[in-house]
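Everything on this sheet refers to the single structure shown next.
Counting starts at 1 for both ligands and their atoms, following the listed order.
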Amino acid sequence: MRSPILAALLATASSAATIDWTAAYEKANASLAKLSLNDKVNIVSGVGWNKGPCVGNTAAVGSISYPQLCLQDGPLGVRFATGVNAFVPGIHAAATWDRALMRERGQFMAEETKGVGVHVLLGPVAGPLGKNPAGGRNWEGFGADPYLQGIAMAETIEGMQSVGVQANAKHYILNEQELNRETMSSNVDDRTLHELYLWPFADAVHSEVVSVMCSYNKINGTWACENPYVMDTILKKELGFQGYIMTDWNAQHSTSPAATAGLDMTMPGSDFNGGSVFWGSKLTQAVNSGEVPQSRLDDMVRRVLAAWYVLGQDSGYPATNLKASVQGTHKTNIRATARDGIVLLKNDDSILPLKKPAKLGLVGSAAVVNPQGMNSCTDQGCNTGALGMGWGSGTASYAYFSAPDAAIKTRAQADGTQISMSASDSTSAVGSAVNGADVAIVFITSDSGEGYITVENNAGDRNNLDPWHNGNELVKAVAAANENVIVVIHSVGPVILETILAQPSVKAIVWAGLPAQENGNALVDILYGDASPSGKLPYTIAKSASDYGIQVVSGNDDYKEGLYVDYRKFDRDEIEPRYEFGYGLSYTNFTYSDIFVDGRPNAGPATGDIISGGRADLWETIITVTVTVANTGAVQGAEVAQLYIGFPESAAAPPKQLRGFEKLALEPGASDIAAFNIRRRDVSIWDVAQKEWVVPEGTFTFSVGASSRDIRLSGTLDSV
Ligand SMILES: *[C@@H]1O[C@H](CO)[C@@H](O)[C@H](O)[C@H]1NC(C)=O
Ligand SMILES: *[C@@H]1O[C@H](CO)[C@@H](O)[C@H](O)[C@H]1NC(C)=O
Ligand SMILES: *[C@@H]1O[C@H](CO)[C@@H](O)[C@H](O)[C@H]1NC(C)=O
């Protein structure tokens with residue numbers, strides 16, 4: 001059957017963002033002609049660690065009015081700045097599944113970035129993808145699925161670059177764990193590389209990201225930052241990337257091999273002690289000796305200058321001042337993403353939302369702000385008090401911190417609710433806080449971060465997937481003392497919940513993720529029903545850590561799991577997850593009806609033309625799927641309708657793969673149409689022999705539902 005709204009939905013490929021590379025390259029060419037060899041080398045070489053106002057700096061070139069370029073972390077706001085906000089981490093933005101909030105988050109972060117005169121904000125993150133649930137930096141990226149990561153990358157980059165800030169897609173590529181990240185090799189087959197890890201970077205390039213950061217690790221034995229296959233063959237040629245590639249900080253290992261492999265900028269220009277300088281005067285020598293062609297140096301400079309021109313940074317860009325106060329009213333986005341990224345996992349007897357309890361008991365050190373101060377730990381390298389983000393270079397200082405206890409106390413006043421509390425993780429202190437309470441709320445956490453900081457024995461990656469601070473025992477103690485227990489979990493990634501679920505008194509689990517500085521306010525919005533929960537898990541929560549089949553490795557990683565990461569593996573092996581990818585409850589109910597699957601008439605022939613993001617035809621919509629979603633419950637709510645594709649058997653693909661989602665806000669009784677535009681890339685697989693994307697022969701299944709395991713409707717096409 002043909003959908004009535006098909007005609008309105010079918011779109012052809014277009015570049016996702018308005019950007020004029022040709023004009024920028026003309027300006028870059030004109031400027032290049034005025035530069036000396038020394039100027040050129042200065043534009044592509046960092047000045048060295050700690051030698052400028054930012055974490056990365058190059059030298060100014062007066063003859064073309066080129067400034068000292070300032071590059072600063074990171075993916076959730078401006079690190080080391082004092083008048084900025086800390087936005088929610090990528091993983092929490094992903095849990096909203098809300099494109100508009102993701103884009104606004106990018107835009108607001110960039111407004112602050114521009115306000116403090118930073119040219120390049122080092123984010124967003126699509127690597128790690130998060131194949132390893134214990135991976136230390138997974139929380140900086142957008143979850144364990146390439147499609148969700150790709151959409152989040154696109155929205156964030158377009159939001160950021162719309163205000164003239166250079167975005168940086170990182171870490172390219174296959175940097176999936178902290179342990180040995182600076183020595184190990186990630187060895188992966190070409191299909192897995194393309195269909196999982198490269199996928200979100202293709203979205204980033206399609207959205208015209210102007211810079212990419214190569215990662216610390218080796219790939220098939222060759223350093224990522226001197227790997228011609230991933231930098232030149234794939235990123236620049238196959239994906240048509242027109243911007244520049246910079247190193248991760250001190251990820252360079254050579255002068256000429258890095259240059260000829262496609263590296264365009266070295267950062268910070270030395271190691272962290274000022275040694276290991278590979279470019280600068282060494283690059284000058286290599287060009288003079290002919291080891292690095294002059295044309296390669298010119299190409300580097302042209303790319304860096306074009307990125308600067310294409311975003312209009314050559315005119316009226318503010319001077320660098322990391323102390324400027326630039327917060328504006330951006331906290332509205334932090335509150336909204338913090339709230340809408342909360343996932344309700346369990347809600348027996350409709351214990352939530354709270355119904356004016358006479359007495360509430362609060363338990364756990366994570367209910368209160370860090371007693372030493374909200375920003376007392378360097379790079380957030382501790383798990384003390386309420387958790388809002390992981391640790392490492394991808395952090396920013398909190399402008400303020402709304403803690404759960406303070407936010408709940410304020411809200412409870414309106415109902416005359418009495419609050420008793422134990423702000424410790426001691427099981428012996430539980431009774432006094434929860435005895436006689438109508439409802440007990442217990443707060444537990446799990447944290448991780450970047451490997452240069454070790455927190456409570458976790459050297460970046462998590463040692464295990466259990467709650468920290470004796471969390472299981474704390475929940476057991478609360479559940480023994482009170483019959484109406486709500487568990488609130490702030491976490492960087494999956495936690496094994498079996499002990500908690502075995503307690504009959506545990507009626508609800510609120511997966512509160514990493515809500516940054518709006519931690520308490522966002523939680524109150526959900527606990528009190530001021531908003532219906534609408535987040536969905538961006539990864540699977542397993543019953544046992546071993547179910548993931550992937551662990552941090554101590555040597556090289558051969559990526560033996562191939563495509564079978566997260567739900568792809570659980571589906572293939574028929575392993576029952578505890579809470580599956582895409583799962584999340586609401587305070588209302590949604591029904592799905594009327595699926596239409598339409599192949600596009602006269603889908604154009606494949607074309608080999610390369611646009612930003614790869615072959616042009618891969619970005620064309622060739623199928624549209626629509627369903628009707630109705631809110632049949634009693635309150636307003638939002639549903640994330642998800643589309644999963646089952647490939648024909650000939651494709652030897654995972655049973656289903658996310659290839660669309662739409663979040664619909666609906667009043668009670670209202671319904672709306674969720675429309676999924678399926679592009680040619682969405683139904684293609686990477687053919688290793690042909691080195692091309694191909695659409696496999698046979699029947700495709702299009703399944704739409706409320707999670708990866710709660711499929712409500714499906715349709716098929718015999719071929720596409
Ligand atoms: C810039 O110069 C290079 C090298 O001469 C040339 O190939 C390219 O077409 C020029 N780009 C523009 C937009 O003029
Ligand atoms: C790594 O090596 C494998 C096996 O030779 C090959 O299939 C794959 O394309 C290589 N990948 C990269 C990124 O070099
Ligand atoms: C949702 O549906 C279930 C089962 O049909 C029902 O028990 C529940 O009351 C409904 N909830 C709301 C909020 O309408």
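The closest heavy-atom contact to atom 1 (C) of ligand 1, among the options Asp299, Asp298, Leu32, Asn29, comes from Asn29.
In this structure, atom 2 (O) of ligand 2 lies nearest to the protein heavy atom Asn220 ND2, 2.2 Å.
The only option from Tyr66, Tyr309, Trp308 that meets the side chain to side chain donor-acceptor pair (under 3.5 Å) definition with Ser31 turns out to be Tyr309.
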Evaluate the criterion side chain to side chain donor-acceptor pair (under 3.5 Å) for residue pair Asp190 and Tyr229; output intermediate values, then yes/no. CA-CA 11 Å; Asp190 213 25; Tyr229 182 61; 2.7 Å; yes

Tyr567 vs Tyr539, test: ring pair (Phe, Tyr, Trp, His ring centres under 6.0 Å). Steps then yes/no. CA-CA 8 Å; Tyr567 68 90; Tyr539 42 71; over 10 Å; no

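A salt bridge links Arg681 to Asp203: one of the charged nitrogens lies within less than 4.0 Å of a carboxylate oxygen. Salt bridge status for Arg615 with Asp609: absent, with no side-chain N to carboxylate O gap under 4.0 Å.
Between Tyr216 and His171, the distance separating the two ring centers is not shorter than 6.0 angstrom. Separation of the Tyr172 and Phe201 ring centroids falls under the 6.0 Å cut-off.
Within a 4.0 Å radius of atom 4 (C) of ligand 2, the protein contributes no non-hydrogen atoms. The nearest protein heavy atom to atom 14 (O) of ligand 2 is closer than 4.0 Å. Within a 4.0 Å radius of atom 9 (O) of ligand 1, the protein contributes no heavy atom.
Taking every heavy atom of Glu26 and a limit of under 4.0 angstrom, the matching atoms of ligand 1 come to 13 (C), 14 (O). Using a 4.0 Å cut-off to heavy atoms of Ile219, the atoms of ligand 2 that qualify are 13 (C). Within ligand 1, counting atoms from 1 as listed, the ones closer than 4.0 Å to a heavy atom of Thr22 are 13 (C). Atoms of ligand 2 lying under 4.0 Å from at least one heavy atom of Tyr229, given by number and element, are 12 (C), 13 (C), 14 (O).
Between the side chain of Arg303 and the backbone N or O of Gly243, at least one donor-acceptor pair lies under 3.5 Å.
Counting heavy atoms under 4.0 Å from ligand 2, residue Val188 touches it through the backbone alone.
Distances shorter than 4.0 angstrom do not occur between any heavy atom of Asn187 and any atom of ligand 2.
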